[in-house]
> 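Next up is a structure, given as structure tokens.
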Amino acid sequence: MKNVLIVAAGSDIAKSLINLLLPFCNVFATYRKNILKGSLSIKGGGNFTPLFLNVCDEQSFEKLTESIQGVKFDAVINFAGLAITSPVVKLSAQDLTRQLETCVVGLSRLLKNIYPNLSKDSRVINVSSMAAFGIFPFISPYCLSKAGADILLNAFEIETGIRTVSIKPGVVGTKFWQYCIDLNKDNFKNFDGEYEEAGEFLLQNAKDNVKKGVSPNDVARVIKKAICAKYPRHSYLIGRDAYFAAFSSFIPRGILNFIIRKTLNFRIRKFIDGK
């Protein structure tokens with residue numbers, strides 16, 4: 001029976017994944033709050049063990065390593081993430097640091113602390129985003145952190161020989177969008193002046209994304225495939241928008257930027273005129 005560690009397991013996708021894995025895996029799931037203590041045995045399947053972890057807190061990693069001492073993991077899946085939004089010219093160093101602390105530094109801490117619990121047959125899976133292709137304006141901190149995480153994972157694989165996987169979905173209909181709206185409540189002030197209409201459009205678009213996009217179950221099934229495959233791919237794209245983002249890498253930067261700017265301005269104008 002496989003042992004799987006799921007980091008930041010409170011997301012909608014993580015919950016779906018846990019349900020898919022429990023019939024044949026022992027699932028260790030971390031949360032920023034102590035929701036339960038001990039291990040729960042699931043009838044006809046593995047055990048579910050909730051653990052505490054804050055990826056931004058080095059001391060909580062020390063407690064985690066004590067709890068999983070001696071356990072060898074077949075797969076580690078990292079869901080920890082947030083998305084800061086702001087025009088670059090109004091982005092604060094504090095917000096940028098917060099973004100990188102969670103998605104890049106937090107991943108680095110995870111890799112360092114979990115390494116003794118891995119074997120050459122293990123795989124580390126990071127739930128990334130199509131934002132890793134870096135083509136989306138006004139969420140540059142998020143794009144930067146996802147691209148940085150991919151670079152970190154790749155170096156880890158070269159250095160250790162342990163397979164790493166980056167899951168890159170497009171828009172997924174989850175509560176993550178509302179979480180980010182609440183997180184960026186103060187940051188929407190950064191869109192005053194010349195960026196006011198763009199800020200209004202982005203806020204409405206985030207609200208709409210809660211109800212559209214691929215389902216959490218679709219993403220969870222792809223992650224399960226990466227866990228179970230003998231030779232998983234290094235990157236999995238989910239959703240048509242993710243494939244378009246990947247294709248953009250082959251378009252000359254000047255042309256691509258022109259297309260993105262024109263498309264964004266058209267969508268903003270259509271939104272404002274329709275209000």
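The figures here come from the full heavy-atom set of this structure, side chains too, leaving out hydrogens, waters and symmetry mates.
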> Does Met130 share a hydrophobic cluster with Leu256, counting links as ILVMFWY side-chain heavy atoms below 4.5 Å and allowing steps through other members?
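Yes, Met130 connects to Leu256 through the hydrophobic network.
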> Minimum heavy-atom separation for Phe48 and Tyr31, please, with both atom names.
CZ-OH, 3.5 Å
> Report yes if some heavy atom in the side chain of Leu96 is under 4.5 Å from a heavy atom in the side chain of Leu144; otherwise report no.
yes
> With rounding to the nearest 0.5 angstrom, report the CD1 to CG distance, Ile158 to Leu153.
11.0 Å
> Tell me, with the steps shown, if Leu264 and Phe201 meet side-chain contact (heavy atoms from CB on, under 4.5 Å).
CA-CA 10 Å; Leu264 179 62; Phe201 166 75; 3.8 Å; yes
> Partners of Asp241 by salt bridge (charged side-chain N to carboxylate O under 4.0 Å, His left out), sequence neighbours excluded?
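Checked Asp241 against salt bridge (charged side-chain N to carboxylate O under 4.0 Å, His left out); zero matches.
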> Taking atom CG of Leu21 and atom SG of Cys228, what is their separation to the nearest 0.5 Å?
7.0 Å
> Look at the side-chain heavy atoms of Ile, Leu, Val, Met, Phe, Trp and Tyr, link any pair under 4.5 Å apart, and say whether Ile151 and Val104 land in one connected group.
no
> To check you understand the geometry: which heavy-atom pair defines the closest contact between Ala29 and Ala9, and what is its length?
CB-CB, 3.6 Å
> I need the full list of ring-ring contact (aromatic ring centres under 6.0 Å, His included) pairs touching residues 115-165, with sequence neighbours left out, sorted by first then second residue.
Phe138-Phe191, Phe138-Tyr195
> What are the two closest non-hydrogen atoms of Phe52 and Arg32, and how far apart are they?
CE1-O, 2.8 Å
> Taking C-beta and beyond as the side chain, do Leu5 and Asn117 meet within less than 4.5 Å on heavy atoms?
no
> With side chain to side chain contact (heavy atoms under 4.5 Å, CB included) as the test, pick out the partner of Ile6 among Ile223, Val76, Ile77.
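When side chain to side chain contact (heavy atoms under 4.5 Å, CB included) is applied between Ile6 and each of Ile223, Val76, Ile77, only Ile77 qualifies.
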> Are the side chains of Lys262 and Phe258 in contact, using a 4.5 Å heavy-atom criterion?
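Result yes, sub-4.5 Å side-chain heavy-atom pair found.
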> So does Leu82 get a backbone contact from the side chain of Gln99, meaning a donor-acceptor N/O pair under 3.5 Å?
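Here the side-chain-to-backbone pair exists.
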> Applying salt bridge (charged side-chain N to carboxylate O under 4.0 Å, His left out), name anything that partners Asp150, two or more places apart in sequence or on another chain.
Lys168
> What verdict does the side-chain contact (heavy atoms from CB on, under 4.5 Å) test give for Phe271 and Asn205, after you've listed the backbone C-alpha separation in whole Å, the side-chain angles of each residue and the deciding distance to 0.1 Å?
CA-CA 10 Å; Phe271 166 73; Asn205 191 60; over 6 Å; no
> Of Thr65, Ile68, Val7, which meets side chain to side chain contact (heavy atoms under 4.5 Å, CB included) against Ile114?
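With Ile114 as partner, side chain to side chain contact (heavy atoms under 4.5 Å, CB included) holds for just one option, Ile68.
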> When you compare the side chain of Asn47 with that of Phe28, does any pair of heavy atoms fall below 4.5 Å?
no
> Among the clusters formed by ILVMFWY side chains lying less than 4.5 Å apart, do Val88 and Phe188 turn up in the same one?
no
> Do the side chains of Leu17 and Val27 get nearer than 4.5 Å, heavy atoms only?
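They are not in side-chain contact.
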> Inspect the contact between Glu157 and Arg123 and indicate whether a charged nitrogen and a carboxylate oxygen are less than 4.0 angstrom apart.
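Looking at Arg123 and Glu157, the cut-off is not met.
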> If hydrophobic clusters are built by linking Ile, Leu, Val, Met, Phe, Trp and Tyr wherever their side-chain heavy atoms come under 4.5 Å apart, do Ile162 and Val71 end up in the same one?
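Yes; tracing contacts between hydrophobic side chains, which count when under 4.5 Å, links both residues.
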> With no hydrogens and no angle check, is any side-chain donor or acceptor of Lys90 less than 3.5 Å from a backbone partner on Lys189?
no
> Quick one: side-chain hydrogen bond (donor to acceptor under 3.5 Å, both in side chains) partners of Asn54, sequence neighbours excluded?
none
> For Thr30, enumerate each residue passing the side-chain hydrogen bond (donor to acceptor under 3.5 Å, both in side chains) test, keeping only those at least two apart in sequence or located in another chain.
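Thr30 satisfies side-chain hydrogen bond (donor to acceptor under 3.5 Å, both in side chains) with no residue once adjacent residues are dropped.
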> Begin with the C-alpha distance, continue with both residues' side-chain angles, and end with the deciding distance and a verdict on side-chain contact (heavy atoms from CB on, under 4.5 Å) for Asp12 and Val219.
CA-CA 10 Å; Asp12 293 334; Val219 181; over 6 Å; no
> For Asn184 and Cys180, indicate whether the former's side chain and the latter's backbone hold a donor-acceptor pair under 3.5 Å.
yes
> Who passes salt bridge (charged side-chain N to carboxylate O under 4.0 Å, His left out) against Glu196, sequence neighbours left out?
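Checked Glu196 against salt bridge (charged side-chain N to carboxylate O under 4.0 Å, His left out); zero matches.
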> Return the set of residues passing side-chain hydrogen bond (donor to acceptor under 3.5 Å, both in side chains) with Ser86 (not counting sequence neighbours), or none when no residue passes.
Asn190
> Using a 6.0 Å cut-off, check whether atom NZ of Lys72 has over 12 heavy atoms from anything other than its own residue.
yes
> Quick one: does Pro137's side chain get under 4.5 Å of Ile260's, heavy atoms only?
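The answer is yes; the side chains approach within 4.5 Å.
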> Check the hydrophobic clustering (I, L, V, M, F, W, Y; side-chain heavy atoms under 4.5 Å; chains of links allowed) and say if Phe244 and Tyr236 are grouped together.
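No; tracing contacts between hydrophobic side chains, which count when under 4.5 Å, never links both residues.
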> Can you see which heavy atom on Pro216 is nearest to which on Val172, and at what distance?
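Closest approach of Pro216 to Val172: N-CG1, 4.0 Å.
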> Do Ile181 and Leu203 have side-chain heavy atoms sitting under 4.5 Å apart?
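Result yes, sub-4.5 Å side-chain heavy-atom pair found.
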> Any chance CZ of Arg269 has more than 12 other-residue heavy atoms, nucleotides or ligands included, within less than 6.0 Å?
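Count over threshold, so yes.
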> Test of understanding: with side chain to side chain contact (heavy atoms under 4.5 Å, CB included), list the residues that count as partners of Asp121, not counting sequence neighbours.
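Partners of Asp121 by the side chain to side chain contact (heavy atoms under 4.5 Å, CB included) criterion, ordered by chain and then number, come out as Ser119.
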> Output yes when a side-chain donor or acceptor of Asn209 lies under 3.5 Å from a complementary backbone atom of Val171, and no otherwise.
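It does not hold such a pair.
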> Quick check against the 3.5 Å criterion: does Asn3 have a side-chain atom that pairs as donor or acceptor with the backbone of Asp74?
no
> Which value, rounded to the nearest 0.5 Å, describes the distance between Asn78 atom CG and Leu107 atom CG?
5.5 Å
> Considering residues at least two apart in sequence or located in another chain, which fulfil the salt bridge (charged side-chain N to carboxylate O under 4.0 Å, His left out) criterion with Lys212?
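Residues passing salt bridge (charged side-chain N to carboxylate O under 4.0 Å, His left out) with Lys212: none at all.
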> Please report the C-alpha distance between Leu183 and Ile84 in whole Å, then the side-chain angles of each, then the deciding distance to 0.1 Å, and finally whether the side-chain contact (heavy atoms from CB on, under 4.5 Å) criterion is met.
CA-CA 8 Å; Leu183 176 71; Ile84 297 293; 4.0 Å; yes
> Test your reading of the model: is there a side-chain donor-acceptor pair from Asn126 to the backbone of Ala149, 3.5 Å cut-off?
no
> Output the distance between atom CD (Glu62) and atom CG (Leu53), rounded to the nearest 0.5 Å.
11.5 Å
> Determine whether Gln204 and Lys207 make a side-chain contact, defined as any pair of heavy atoms from C-beta on separated by less than 4.5 Å.
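Contact flag for Gln204/Lys207 side chains = yes.
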> Check whether Lys146 reaches the backbone of Val127 with its side chain - one donor and one acceptor, N or O, closer than 3.5 Å.
yes
> Not counting sequence neighbours, which residues clear side chain to side chain contact (heavy atoms under 4.5 Å, CB included) with Arg221? List them please.
Leu20, Asn217, Asp218
> Looking at Arg109, is its backbone amide N or carbonyl O close enough to the side chain of Asn113 to form a donor-acceptor pair, meaning the two atoms are under 3.5 Å apart?
yes
> Which heavy atom of Thr164 sits nearest a heavy atom of His234, and at what distance?
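Reported closest heavy-atom pair: O-CD2, 3.4 Å.
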> Would you please name every residue forming a side chain to side chain contact (heavy atoms under 4.5 Å, CB included) with Ser108, sequence neighbours left out?
Leu152
> Considering residues at least two apart in sequence or located in another chain, which fulfil the side-chain hydrogen bond (donor to acceptor under 3.5 Å, both in side chains) criterion with Ser67?
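By the side-chain hydrogen bond (donor to acceptor under 3.5 Å, both in side chains) rule, Ser67 matches no residue at all.
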> Where do Ser11 and Ala14 come nearest, in terms of heavy atoms and distance?
OG-N, 3.0 Å
